[in-house]
Number of protein chains: 2
Amino acid sequence: MDTAIMEDYLKTIYELERERGPPVGTSAIADALSVTAPTATRMLEKLAEEDLLEREKYSGVELTEHGRAIALETIRHHRLLEAYLVEHLDYEWEEVHDEAERLEHHISEDFEERIASELDHPPVDPHGEPIPSADLEAPVEEDVEPLSAHKAGETVVIASVRERDAETLRYLEEEGIVPGRELTIVEITPVGTYVMECECDSRQLPESSADRIYVRSAAARSDAATEEVPGL
Amino acid sequence: MDTAIMEDYLKTIYELERERGPPVGTSAIADALSVTAPTATRMLEKLAEEDLLEREKYSGVELTEHGRAIALETIRHHRLLEAYLVEHLDYEWEEVHDEAERLEHHISEDFEERIASELDHPPVDPHGEPIPSADLEAPVEEDVEPLSAHKAGETVVIASVRERDAETLRYLEEEGIVPGRELTIVEITPVGTYVMECECDSRQLPESSADRIYVRSAAARSDAATEEVPGL
DNA sequence: GACCGGATTTAGATACGTCTAACTCTTAAG
DNA sequence: CTTAAGAGTTAGACGTATCTAAATCCGGTC
C-alpha cells in the first residue's frame, strides 16, 4: 500500500537526489516536508521495509527502482496537472503548484492519460521542468546548472524556474524570467545581485533567485531550447 | 478542521436525509460507507461535538446548517467534476463517479469556480442530479419519485438515474434510460420487472433498477424537463 | 409487564503519521 | 586521541479512523 504521504516523501527524495545526489540525509527530507527529524526517520524505516528505498542508518537513503517509479509517477501527475491547469483552465504559472500538489495523489491512471493526450503529451511543464513519460523512465536530464553557477559575461538560456513562491513567480514572469529566454549576465554585484540583459531590457535578481533558475549555456543551445512551453 | 472522511460522512447523511428524511440511523450510515456500526458511532460523536449535526443517542442524527453546507459543498464538487469529466475529458457517464468521488475532497474553491464557469454553471450533472449552487443553499428538490412508486399505464419523464454501478449504467444508457426521456409503463410483471415503452421501442427493467430511477409525471412536466443534460 | 431481537453504544486494540524529550552516533577540530 | 557539535535515532505520547467483542437500549410481542 502506498499513501499520499509516502508519495510526498518519495517525490521529495527524488528531487533531493536530483539536486545533491544520493544518499539523502534525514534532515534534508524532514526540512523539505516541514516535519521533524524523528518523523522522517520513522517514515524512512517504513519505506525501507517496503523496498522503496535503501537505507543506511545514520547516513542516508537512496531510492530503489520501485521507489523511483512511484516518485516519477507522482511527479508526472504533478507536472501534467500544472500544464493542464494553465492550458485549459486559465491558471497563471504561479497558481498551479498548490492545486497540483493536492490533486497529484488522487487522479487515476485514466485521468492522467486523458489530460496527457488532451495536451498532446507535452515534454515540459509551465516552469520548464521535464514531464516524466508514462513508462516512468527517469527523464534524461539536460545539461543545466543554476544561474548562480555562472559568471558575469556569460550568455545563457533559461531552462526551468524551480521557484515555488507565488509572489516571486509573478514577479519573475513580469520581468521576463521564463523558460526559453536568453539572457546575458552583465554583472554580479558584491551583494550577490545578478544584473541581466536580454534583447530588450535589463533586470536584476537576488542570489536566492539565481539558485533556483536553471540555465544552459547559449553556446550549447540545442533544438530543445526552442520548445514551446505550454501557455506562457 | 474537516477531513475528507468527515466530508464523506456528511455527504452520506445528507443523501440519506434526502431519501428517507431525518433522523438518520447509525447503521444506515455505516452501511452506506462500508464501515462497522461502532466506527460510525464514534465519528457521529465527533461530528456532533463540532456542531455539524445533532445527535440523539440510540435514535439518530440530523445535519445542522453548518453540516449541511459542508455536505452541499462536497456534493457540488462531485457533480461539477462529473459534468466536467464528461464535457471536457470524454468520460462516459458510468466512468465519472469514482474519479469524482476521490477528487471532490481535494479541489480548491478556485478550481471549483473555474470548472463551473467553463461549463457555464450547469444545473444538473450527467445523471440528472441537481448541482448545488455556489451559495450552498439546499437545492429545491423537484417533485420526483422512484419509478418503482408508479403503476402500469402511467407515463413519466426520467429526472435522474441514481445508480452507481458502472456496468448497470452502461446498460441503461444503451437502453435509452437517460435523464429527459419520456417512458410509459406498459406492465409490471409479478416478479417485479418493469416493461417500458417510449416513442421508438420497448425495454425491461428489474425492480432494483426501478428503485434508483427517479421520475416525474409526464403530466406535471415542466420546462425543466427539456433541460439539456451535458454531454449525453 | 416481562422478554426478545435488532440496533446502538462501550471497551479495548491496531495502524498511520505526527510530536517532544532524551539518547547515540559521526565527524571534524584541536 | 579526545571531544564537542550536529545529525540521526529511540522512547513515549497523541489524534484520527478503523476493527472485534461485549454490553446496553428500545420497540414490539406474548
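Chain letters run A, B, ... following the sequence lines, proteins first, then strands; residues in each count from 1.
- Residue Glu56(B) contributes atom CD, which lies 19 Å from atom P of dA7(C) at whole-angstrom precision.
- The interatomic distance linking Lys57(A) (NZ) with dT27(C) (P) rounds to 15 Å, in whole Å.
- Contacts of His97(A) classified as ring pair (Phe, Tyr, Trp, His ring centres under 6.0 Å), with partners at least two apart in sequence or in another chain: His78(A).
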Counting only pairs under 3.5 Å, give me each side-chain donor-acceptor contact of residues 205-215 of chain B, with atom names and distances, residues two or more places apart or in other chains.
{"from": "Asp211(B)", "atom 1": "OD1", "to": "Ser148(B)", "atom 2": "OG", "distance (Å)": "2.8"}
{"from": "Arg212(B)", "atom 1": "NH1", "to": "Glu163(B)", "atom 2": "OE1", "distance (Å)": "2.8"}

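- Using a 4.0 Å cut-off on heavy atoms, none of the residues of residues 97-108 of chain B approach DNA chain C.
- For the side chain to side chain donor-acceptor pair (under 3.5 Å) test, residues two or more places apart in sequence or in another chain that qualify with Ser108(A) are Glu99(B).
- Residue Asp8(A) contributes atom CG, which lies 17 Å from atom P of dC16(C) at whole-angstrom precision.
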Between protein and nucleic acid, restricted to nucleotides 14-17 of chain D and to nitrogen or oxygen atoms under 3.5 Å apart, what atom pairs and distances do you find?
{"from": "dA17(D)", "atom 1": "OP1", "to": "Thr3(B)", "atom 2": "OG1", "distance (Å)": "2.7"}
{"from": "dA17(D)", "atom 1": "OP2", "to": "Lys46(B)", "atom 2": "NZ", "distance (Å)": "2.1"}

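- Put simply, OH on Tyr58(B) is 11 Å from P on dT8(C), counting in whole angstrom units.
- Annotation: side chain to side chain donor-acceptor pair (under 3.5 Å) contacts of Asp31(A) (sequence neighbours excluded): none.
- Considering only side-chain N and O atoms, Arg55(A) lies under 4.0 angstrom from the phosphate OP1 or OP2 of dT9(D).
- Note: CG (Leu16(A)) to P (dA7(D)) measures 15 Å, nearest angstrom.
- Among residue pairs with one or both ends in residues 3-12 of chain A, those qualifying as side-chain hydrogen bond (donor to acceptor under 3.5 Å, both in side chains) are Glu7(A)-His105(A), Asp8(A)-His105(A), Lys11(A)-Glu101(A), Lys11(A)-Glu104(A); sequence neighbours excluded.
- Residues passing the side chain to side chain donor-acceptor pair (under 3.5 Å) test with Thr193(A), sequence neighbours excluded: none.
- Rounded to whole Å, atom C1' of dT9(D) lies 8 Å from atom CD of Glu45(A).
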Would you be so kind as to tabulate the donor-acceptor pairs closer than 3.5 Å made by side chains of residues 36-49 of chain B, with sequence neighbours excluded?
{"from": "Thr36(B)", "atom 1": "OG1", "to": "Thr39(B)", "atom 2": "OG1", "distance (Å)": "2.9"}
{"from": "Thr41(B)", "atom 1": "OG1", "to": "Ala37(B)", "atom 2": "O", "distance (Å)": "3.1"}

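- Contacts of residues 23-35 of chain A with DNA chain D (heavy atom under 4.0 Å): Gly25(A), Thr26(A), Ser27(A).
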Side-chain atoms of residues 14-22 of chain B: list all donor-acceptor pairs with protein atoms under 3.5 Å, sequence neighbours left out, distances to 0.1 Å.
{"from": "Glu15(B)", "atom 1": "OE1", "to": "Arg18(B)", "atom 2": "NE", "distance (Å)": "3.2"}
{"from": "Glu15(B)", "atom 1": "OE1", "to": "Arg18(B)", "atom 2": "NH2", "distance (Å)": "3.4"}
{"from": "Glu15(B)", "atom 1": "OE2", "to": "Arg79(B)", "atom 2": "NH2", "distance (Å)": "3.1"}
{"from": "Glu17(B)", "atom 1": "OE2", "to": "Leu63(B)", "atom 2": "N", "distance (Å)": "2.8"}
{"from": "Arg18(B)", "atom 1": "NH1", "to": "Glu141(B)", "atom 2": "OE1", "distance (Å)": "3.2"}
{"from": "Arg18(B)", "atom 1": "NH1", "to": "Glu141(B)", "atom 2": "OE2", "distance (Å)": "3.2"}
{"from": "Arg18(B)", "atom 1": "NH2", "to": "Glu129(B)", "atom 2": "OE2", "distance (Å)": "2.9"}

Q: For Arg68(B) and Glu65(B), run salt bridge (Lys or Arg N to Asp or Glu O under 4.0 Å): C-alpha distance rounded to whole Å, both residues' side-chain angles, the deciding distance at 0.1 Å, then the answer.
A: CA-CA 5 Å; Arg68(B) 185 176 306 111; Glu65(B) 207 59 26; 3.5 Å; yes

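- A 6.0 Å sphere centred on CZ of Arg164(A) holds no more than 12 heavy atoms belonging to other residues, nucleotides or ligands.
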All N/O donor-acceptor pairs, side-chain side in residues 111-118 of chain B, below 3.5 Å, sequence neighbours left out:
{"from": "Glu112(B)", "atom 1": "OE1", "to": "His77(B)", "atom 2": "NE2", "distance (Å)": "2.8"}
{"from": "Glu112(B)", "atom 1": "OE2", "to": "Arg76(B)", "atom 2": "NE", "distance (Å)": "2.6"}
{"from": "Glu112(B)", "atom 1": "OE2", "to": "Arg76(B)", "atom 2": "NH2", "distance (Å)": "3.3"}
{"from": "Arg114(B)", "atom 1": "NE", "to": "Asp110(B)", "atom 2": "OD1", "distance (Å)": "3.1"}
{"from": "Arg114(B)", "atom 1": "NE", "to": "Asp110(B)", "atom 2": "OD2", "distance (Å)": "3.3"}
{"from": "Arg114(B)", "atom 1": "NH1", "to": "Leu89(A)", "atom 2": "O", "distance (Å)": "2.9"}
{"from": "Arg114(B)", "atom 1": "NH1", "to": "Asp90(A)", "atom 2": "O", "distance (Å)": "2.9"}
{"from": "Arg114(B)", "atom 1": "NH2", "to": "Glu95(A)", "atom 2": "OE1", "distance (Å)": "3.3"}
{"from": "Arg114(B)", "atom 1": "NH2", "to": "Asp110(B)", "atom 2": "OD2", "distance (Å)": "3.3"}

